[in-house]
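All chains are named by letter (A, B, ...) in the order of the sequence lines, taking the proteins before the strands, and each is independently numbered beginning at 1.
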Amino acid sequence: MKQRFDAIVVGAGPAGCTCGYSLAKAGLETLIVERGKFAGAKNMWGGAFYGPTLFQLFPRFWEEAPIERYIHRHRFSLLTQDSSLSAEFTTKKFGEPPYNGFSVLRAKFDHWFASKAEQAGAIIATGLQAEDLLWDRNTVAGIKAGGDELPASVVIACDGVNSDLTDKAGLRGKLLPRDIKQGVKEVIQIPRHLLEQRFNLSGEEGIAWEFIGSFTRGIPGGAFIYTNKESLSVGIVAQLSALCEKKIGANDLLENFKQHPSVAALLAGGNLVEYSAHLIPTSGKAMIPTLYSDGFLVAGDAASFVLATGLTLEGANFAIASGTAAAEAVIRAKQKRDFSRKSLSCYPELLKQSFVLKDLKTFKKASLFLENSRIYSQYPELACDLANKIFTNDGKPKKKIWKLLKNSMKDRVAFSEILRDLIQIKRAL
Amino acid sequence: MDIIVCVKKIPDPEIPPAKFKLDMESKRVIPPEGIPPVINPYDEQAVELALRLKDKYGGKITVLTIDNDADTSIVKHALAMGADEGIVLADKAFEGSDSFSTSHILSQAIQKVGNFDLVLCGRQAADWDEGLVGAIIAENLSLPLVTLAEAVDVVDGKLKVKRVTLDGYQIFAVPTPAVATVSNEVGQPRLPSGWGIISASRKQIPIWKAGDLDADPSQIGAKAVRRRLVKLFIPVREKKCEIIEGETTAEASVKLAERLRKAGVI
Ligand SMILES: Cc1cc2nc3c(=O)[nH]c(=O)nc-3n(C[C@H](O)[C@H](O)[C@H](O)COP(=O)(O)OP(=O)(O)OC[C@H]3O[C@@H](n4cnc5c(N)ncnc54)[C@H](O)[C@@H]3O)c2cc1C
Ligand SMILES: Cc1cc2nc3c(=O)[nH]c(=O)nc-3n(C[C@H](O)[C@H](O)[C@H](O)COP(=O)(O)OP(=O)(O)OC[C@H]3O[C@@H](n4cnc5c(N)ncnc54)[C@H](O)[C@@H]3O)c2cc1C
């Protein structure tokens with residue numbers, strides 16, 4: 001029974017499932033260990049899954065995977081205390097296969113994903129936590145889990161943002177609160193017909209809705225609402241260091257958000273069925289650890305592969321793409337029967353060829369730019385105030401919009417600041 | 001020593017009662033979504049007791065469960081702890097069974113497994129808390145039964161079973177094969193080891209259907225129930241809070257005592 005595995009993948013999130021699936025499919029003896037009672041048991045995300053990474057693995061996966069809805073509309077809103085200003089985008093293509101994005105709930109989705117890896121031949125050991133690495137001199141030679149030593153030629157850490165194993169392999173320093181956002185999310189059940197009526201959806205259509213504004217009290221972050229079949233995923237994401245400095249709980253910000261009149265109306269009569277919290281590594285390229293060493297690779301959130309541009313938050317597709325690249329590197333290493341650092345060095349090359357490191361490089365200045373507190377208070381206020389002046393009819397003679405804008409800017413933000421921020425946007429986004 | 005352990009899947013007992021819903025129509029209890037069910041804690045202790053016997057005397061442990069979703073997760077949990085074989089009994093025909101039909105199905109399965117010295121059940125299933133199944137199996141198979149077992153040993157070819165009582169214990173000597181229902185005094189069940197989880201995860205779990213058992217169709221499923229559930233409801237509990245004031249602590253205490261007496265509490 002006891003054996004040596006070709007590869008042990010730690011964590012059955014999107015990165016681990018992809019990596020384990022690809023390795024098993026290539027015929028490697030693969031073990032995936034997951035500490036949750038089942039894959040997805042304790043996992044959370046906002047809930048929208050973007051891009052073609054998944055259908056490259058499983059063509060027409062939407063026909064079999066537990067998808068909630070396909071995202072056919074994106075909406076973005078600026079909120080002040082009692083007003084909101086929104087923009088929406090939709091296009092016919094988003095409503096047709098292969099679609100552009102999906103809302104999913106992870107308890108079901110990860111479970112499905114892990115079962116695909118199992119069908120491909122990987123062994124999935126759930127309820128098992130990797131406690132430490134096994135070493136053979138300076139080479140990682142497996143893991144310790146459940147009181148046993150489990151030997152393997154290579155270990156792939158897909159253990160998420162808090163990646164203990166990356167720490168233990170000595171590939172990264174302490175995570176800094178400034179580089180991390182705290183996410184909290186509620187799943188709120190709403191009868192299907194009511195949900196579709198409120199969000200103007202039909203069939204399997206869904207909406208991804210992002211918000212920024214006064215509800216974060218100047219803390220860099222935002223909120224989201226994603227529509228599921230019969231529930232809403234409602235959450236906020238806020239920079240950890242700012243929360244600590246201001247001694248505000250992320251949960252308070254979520255309550256703030258939920259009480260906004262435009263939001264409250266969407267949630268009315270709903271039934272809270274799930275609450276969860278999770279961290280997100282959002283500093284992009286600046287916080288990527290060393291990605292490999294002898295007998296060891298890092299992928300997904302463990303490697304901080306998350307793209308946060310303010311308008312979108314993408315991590316799942318980066319997890320899948322990096323899981324694929326890690327598997328490819330290991331398959332090549334297996335052919336050479338050499339799992340040394342040198343042999344695994346094709347991993348970052350593969351990532352550079354894919355969107356993973358390209359996107360993170362393109363947006364490497366985004367996280368710094370997104371720390372600008374004007375984005376979260378002054379600009380939403382300015383925009384809503386201007387809209388208010390344009391749309392309010394008080395029976396008095398109207399002014400030119402330019403005049404109104406100047407008026408709205410007074411005491412809020414100077415032209416020079418706007419100019420500086422515009423230049424920053426050009427650099428960062 | 002060869003042991004068969006019956007294990008049941010139940011909703012997690014940690015779920016607060018308010019999260020359950022009732023379907024009055026079909027008289028069913030609906031647990032909240034997303035919280036995975038668990039192995040009945042007493043059954044996990046029965047597996048632990050069986051493993052202690054196996055550690056000492058060797059032999060084979062087979063776990064049985066009736067689960068109409070054909071869910072293998074709790075059988076795999078027992079295998080991960082160290083049991084050798086697991087079988088899931090699943091068939092539409094089993095649906096709606098009461099304790100008698102459940103016991104009939106399990107009795108038939110136990111006979112099909114054959115070759116056993118001891119059958120272990122939990123003292124009760126922590127969902128309905130009836131504590132009947134073990135006893136009915138013993139009756140069905142005409143075997144000796146000890147309830148509330150805390151420990152089992154073998155002395156002179158007989159089982160020595162320690163049974164928990166309110167303020168002490170009894171020791172029974174029973175010939176094999178026998179049935180025992182296991183109490184929580186067994187103590188903490190062992191955690192599955194790494195290799196245990198891996199080998200359990202690899203194992204194919206056979207699913208036995210009604211046709212695989214020599215079950216009497218008139219004894220299983222909803223049509224065979226001997227008891228009818230008349231009403232299922234959540235009792236209304238009222239809570240009231242009254243603040244009793246007083247100038248001094250003594251005065252407030254006296255008033256409190258008077259109030260409690262008036263309410264009939266003391
Ligand atoms: C509030 C929020 C909203 C988000 N919204 C989106 C979104 O809309 N779109 C998007 O694409 N991304 C989103 N993300 C990001 C996305 O969730 C992550 O990028 C993605 O899940 C990363 O996948 P992963 O497999 O690397 O890690 P994870 O999904 O974190 O999986 C890690 C797994 O490893 C397991 N594990 C950890 N340690 C061990 C150990 N020692 N032993 C065994 N198992 C272990 C964990 O239990 C877990 O199952 C969001 C994240 C949050 C928090
Ligand atoms: C009137 C009535 C209606 C019911 N309707 C339903 C219903 O609609 N749906 C429903 O799910 N339940 C229903 N039940 C509960 C169900 O009949 C019993 O839970 C089931 O028959 C097991 O009996 P028990 O709970 O009395 O187990 P107990 O006698 O308390 O269990 C003792 C031990 O027996 C063994 N055991 C019990 N059940 C199993 C099993 N399934 N597999 C393996 N071993 C087992 C275990 O070792 C357990 O520790 C109903 C019960 C009643 C009284």
Side-chain angles (χ1 to χ4, degrees), chain A residues 1-5 8 10 12 29-44 105-108 110-111 114-115 117-118 121-132 134 142-152 187 189 228-231 271-276, chain B residues 7 9-22 30-41 44 47-48 51 55 60 67 69-86 188-205:
Chain A
M1 174 65 250
K2 295 186 187 177
Q3 64 172 98
R4 182 187 173 81
F5 294 97
I8 294 180
V10 179
E29 285 278 346
T30 308
L31 171 70
I32 305 179
V33 301
E34 165 56 49
R35 66 179 171 196
K37 232 177 169 169
F38 57 90
K42 287 189 190 150
N43 293 348
M44 71 92 103
L105 292 169
R106 289 196 63 184
K108 292 183 204 158
D110 287 13
H111 192 64
S115 75
E118 195 165 24
I123 299 168
I124 308 231
T126 51
L128 188 60
Q129 174 157 358
E131 288 137 15
D132 208 342
L134 272 183
I143 59 166
K144 289 185 192 165
D148 286 327
E149 298 193 340
L150 313 178
V187 177
Q189 221 164 35
N228 303 314
K229 277 201 175 81
E230 300 187 341
S231 65
N271 184 17
L272 174 68
V273 289
E274 197 184 300
Y275 175 88
S276 53
Chain B
V7 297
K9 181 175 89 177
I10 63 165
D12 192 333
E14 303 288 321
I15 301 172
K19 294 254 174 180
F20 285 90
K21 281 193 208 140
L22 288 189
I30 305 163
E33 239 191 273
I35 304 176
V38 298
I39 181 171
N40 175 30
E44 194 178 18
V47 175
E48 172 60 32
L51 287 167
D55 290 344
K60 183 173 157 189
D67 185 284
D69 308 326
D71 178 356
T72 58
S73 62
I74 66 157
V75 163
K76 290 215 166 174
H77 178 74
L79 294 179
M81 286 172 71
D84 301 280
E85 298 294 335
Q188 200 64 26
R190 66 194 64 188
L191 287 174
S193 70
W195 285 115
I197 293 172
I198 292 167
S199 67
S201 145
R202 292 197 139 164
K203 237 191 174 106
Q204 281 294 329
I205 309 291

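- Between I198(B) and A125(A) the shortest heavy-atom distance is CG1-CB, 4.1 Å.
- In this structure, chain B has a heavy atom under 4.5 Å from the side chain of L31(A), while its backbone stays farther away.
- For chain B, no part of E274(A) is nearby; none of its heavy atoms comes within less than 4.5 Å.
- Heavy atoms closer than 4.5 Å to chain B are found in the backbone of A145(A), but not in its side chain.
- No donor-acceptor pair closer than 3.5 Å links the side chain of S201(B) to the backbone N or O of I123(A).
- Atom CG of residue L150(A) and atom CD1 of residue I197(B) lie 9.5 Å apart, to the nearest 0.5 angstrom.
- How far NE2 of H77(B) is from NZ of K37(A): 8.0 Å, rounded to the nearest 0.5 Å.
- With respect to chain B, the highest number of heavy-atom pairs below 4.5 Å among A107(A), G146(A), A41(A), G127(A) belongs to G146(A).
- The environment of L191(B) atom CG is sparse: at most 12 non-hydrogen atoms of other residues, nucleotides or ligands sit within 6.0 angstrom.
- Between chain B and the residues I143(A), L128(A), V187(A), the largest count of heavy-atom pairs under 4.5 Å involves L128(A).
- Residue-environment remark: NZ (K60(B)) stays at or below the threshold of 12 foreign heavy atoms within 6.0 Å.
- The backbone N or O of S193(B) lies less than 3.5 Å from no partner atom in the side chain of D148(A), so there is not a single donor-acceptor pair.
- With rounding to the nearest 0.5 angstrom, the CH2 atom of W195(B) is 10.5 Å from the CD atom of E149(A).
- With contacts defined as side-chain heavy-atom distances shorter than 4.5 Å, the pair K76(B)/T126(A) does not qualify.
- K108(A) touches chain B through its side chain: at least one heavy atom from C-beta onward sits under 4.5 Å away, while N, CA, C and O do not.
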